[in-house]
Structures are given as C-alpha cells and as structure tokens.
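Just below is one structure, and these are the notes that go with it.
This structure is a prediction, so every number in the text was calculated from the model and none was measured.
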Amino acid sequence: MQKITMTVNGRSVTADVEGRTLLVDYLRETLNLTGTHVGCDTSQCGACTVHVDGLAIKSCTMFVGELDGAEVRTIEDMENKDGSLSALQKAFQDHHGLQCGYCTPGMIMSLSALLRDTPKPTEAQIRHHLEGNICRCTGYANIVKAALAASGQMPSADAFAQ
C-alpha cells in the first residue's frame, strides 16, 4: 500500500492504495465516479478516457499509484459551473451524438481535450483524434457534427427550430 494525494474534479483526495489498482477502478469503486466506463479492459475503446494533468488518457492504462500529486478530471466535472451542460455536452444532445451512451463520456473527454488545444478543428482532425474511441452505435457522423457545433463551426440544432 502507498499513500497518494491527488485532486479529482477540483477536490483533494488522499488514500492508501495498492500500486496495481487501475485509475478507472479507483474512480468507479472507491470514489463512486461511475461516469467513467470500462468498455474493453484492453485500452481499445476509449470509454474510460479522463484528463490527467490536462491530457486525455485511458484510465484503464494507468495505475492510481502513479498519480500522487496529479490533477484528474472526469466526465462528472464537465458541466458548467451553474450545473448546465457544457457546449460540447449540449452539442452531443442537439446533434444526436449518442445512442446507447456508453462511449459518450470517453468521447466527450477526448473531444474536450482536442477543442481546448485546437479550437476550430477540421472534420479530418476530429476523426483522427477519435481513432482511439469506439462507438458501436452512431457511425460517428453525428459525433463529428457535435464537435463541429461545439467549436462554433456549425449552427446549433436550436437554430434549425426557428
């Protein structure tokens, strides 16, 4: 066992952990942050993507013992300060970027990192960035539309309702 302290969604967390505990398991089982999904256990699907020190990583590939002093952000911390959906979450809703929703937390975490670093990505950049995330439902077209809308490159669905 080792003692670690890290910040998770803006909150300091100190715990004694086994070095071999995966971050995804720690988030889900110890902190009850179940929005981070386990999809494949092989780092292929991206459903477990979170931000560690600002980088989008697959939390099934990282041991929690490596994170002493780190800052971790999960899907539970993606909404706006007032509790409303972030622009990317709203775009997923407006543009039907999800069906079953299983991959959605990982997609949003991956895309939010892309949009932070590349505020106006091209469709090709979005598709390339999502190569590590698998969606078995949507065919990605609406996920790409949602990313374009969140970056201001496509009208919101509300614009079509008027």
Side-chain angles (χ1 to χ4, degrees), residues 6-11 13 22-24 26-28 31 33-40 42-62 64 66-67 69-162:
M6 62 182 166
T7 303
V8 179
N9 295 338
R11 183 177 62 109
V13 175
L22 293 173
L23 175 58
V24 69
Y26 181 76
L27 293 171
R28 292 181 59 80
L31 299 183
L33 296 171
T34 58
T36 302
H37 293 160
V38 179
C40 66
T42 60
S43 77
Q44 300 296 310
C45 75
C48 68
T49 302
V50 299
H51 296 175
V52 175
D53 294 332
L55 299 175
I57 63 103
K58 294 177 182 178
S59 60
C60 73
T61 65
M62 182 167 268
V64 73
E66 299 176 81
L67 297 174
E71 183 172 326
V72 178
R73 188 172 188 207
T74 70
I75 190 69
E76 286 88 354
D77 193 43
M78 291 302 292
E79 76 276 352
N80 295 318
K81 296 291 184 211
D82 65 2
S84 63
L85 297 177
S86 69
L88 184 56
Q89 290 170 311
K90 181 82 169 100
F92 262 70
Q93 180 182 53
D94 290 348
H95 293 278
H96 310 287
L98 63 121
Q99 285 183 28
C100 82
Y102 202 82
C103 70
T104 305
M107 292 282 185
I108 288 174
M109 296 306 290
S110 291
L111 287 170
S112 67
L114 171 66
L115 294 175
R116 181 196 62 228
D117 298 340
T118 308
K120 300 283 185 195
T122 64
E123 181 176 336
Q125 287 174 308
I126 293 166
R127 288 183 180 279
H128 177 73
H129 192 77
L130 289 177
E131 286 179 358
N133 294 77
I134 296 173
C135 175
R136 292 171 177 90
C137 301
T138 68
Y140 300 92
N142 290 342
I143 293 169
V144 172
K145 284 181 191 175
L148 289 169
S151 69
Q153 300 182 79
M154 178 175 195
S156 71
D158 296 336
F160 297 112
Q162 299 176 17

To the closest 0.5 Å, what do you measure between [atom1] ([X]) and [atom2] ([Y])?
X      : Y      : atom1 : atom2 : result
Leu22  : Cys48  : CG    : SG    : 9.0 Å
Ile126 : Leu148 : CD1   : CG    : 4.0 Å
Thr122 : Lys120 : OG1   : NZ    : 13.0 Å
Ser59  : Leu67  : OG    : CG    : 10.0 Å
Cys45  : Arg136 : SG    : CZ    : 6.5 Å
Leu98  : Gln93  : CG    : CD    : 8.5 Å

[Y] side chain reached by [X] side chain, heavy atoms, under 4.5 Å:
X      : Y      : result
Pro121 : Gln153 : yes
Met107 : Tyr140 : yes
Ile75  : His37  : no
Asn133 : Leu111 : no
Val52  : Met62  : yes
Thr49  : Lys58  : yes

Restricting to non-hydrogen atoms, name the atom on [X] and the atom on [Y] that form the minimum distance, rounded to 0.1 Å.
X      : Y      : result
Ser43  : Thr61  : CB-CG2, 3.2 Å
Gly97  : Ile143 : O-CG1, 3.2 Å
Gly83  : Glu79  : CA-CG, 3.9 Å
Ala113 : Ala56  : CB-CB, 3.9 Å
Ala146 : Ala91  : O-CB, 3.2 Å

Any donor-acceptor pair under 3.5 Å from [X] side chain to [Y] backbone:
X      : Y      : result
His129 : Ser110 : yes
Asp82  : Ser84  : yes
Glu71  : His51  : no
Thr118 : Leu115 : no
Arg116 : Gly54  : yes
Glu76  : Gly35  : yes

Inter- and intrachain pairs under side chain to side chain donor-acceptor pair (under 3.5 Å), touching residues 96-105, at least two apart: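 As it turns out, there is no side chain to side chain donor-acceptor pair (under 3.5 Å) pair with a partner in residues 96-105 once direct neighbours are skipped.
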Side chain to side chain donor-acceptor pair (under 3.5 Å) between Thr42 and Gln44, worked out: CA-CA 5 Å; Thr42 60; Gln44 300 296 310; 4.6 Å; no
Arg73: salt bridge (charged side-chain N to carboxylate O under 4.0 Å, His left out) partners, not counting sequence neighbours: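 Partners of Arg73 under the salt bridge (charged side-chain N to carboxylate O under 4.0 Å, His left out) test: Asp77.
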His128: partners by side chain to side chain donor-acceptor pair (under 3.5 Å), with sequence neighbours left out: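 Expected list: Glu131.
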Check against side chain to side chain contact (heavy atoms under 4.5 Å, CB included), Arg28 and Val38: CA-CA 9 Å; Arg28 292 181 59 80; Val38 179; 3.9 Å; yes
Sole residue of Val24, Val72, Leu23 in side chain to side chain contact (heavy atoms under 4.5 Å, CB included) with Thr36: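 Result: among Val24, Val72, Leu23, Val24 is the only option passing the side chain to side chain contact (heavy atoms under 4.5 Å, CB included) with Thr36.
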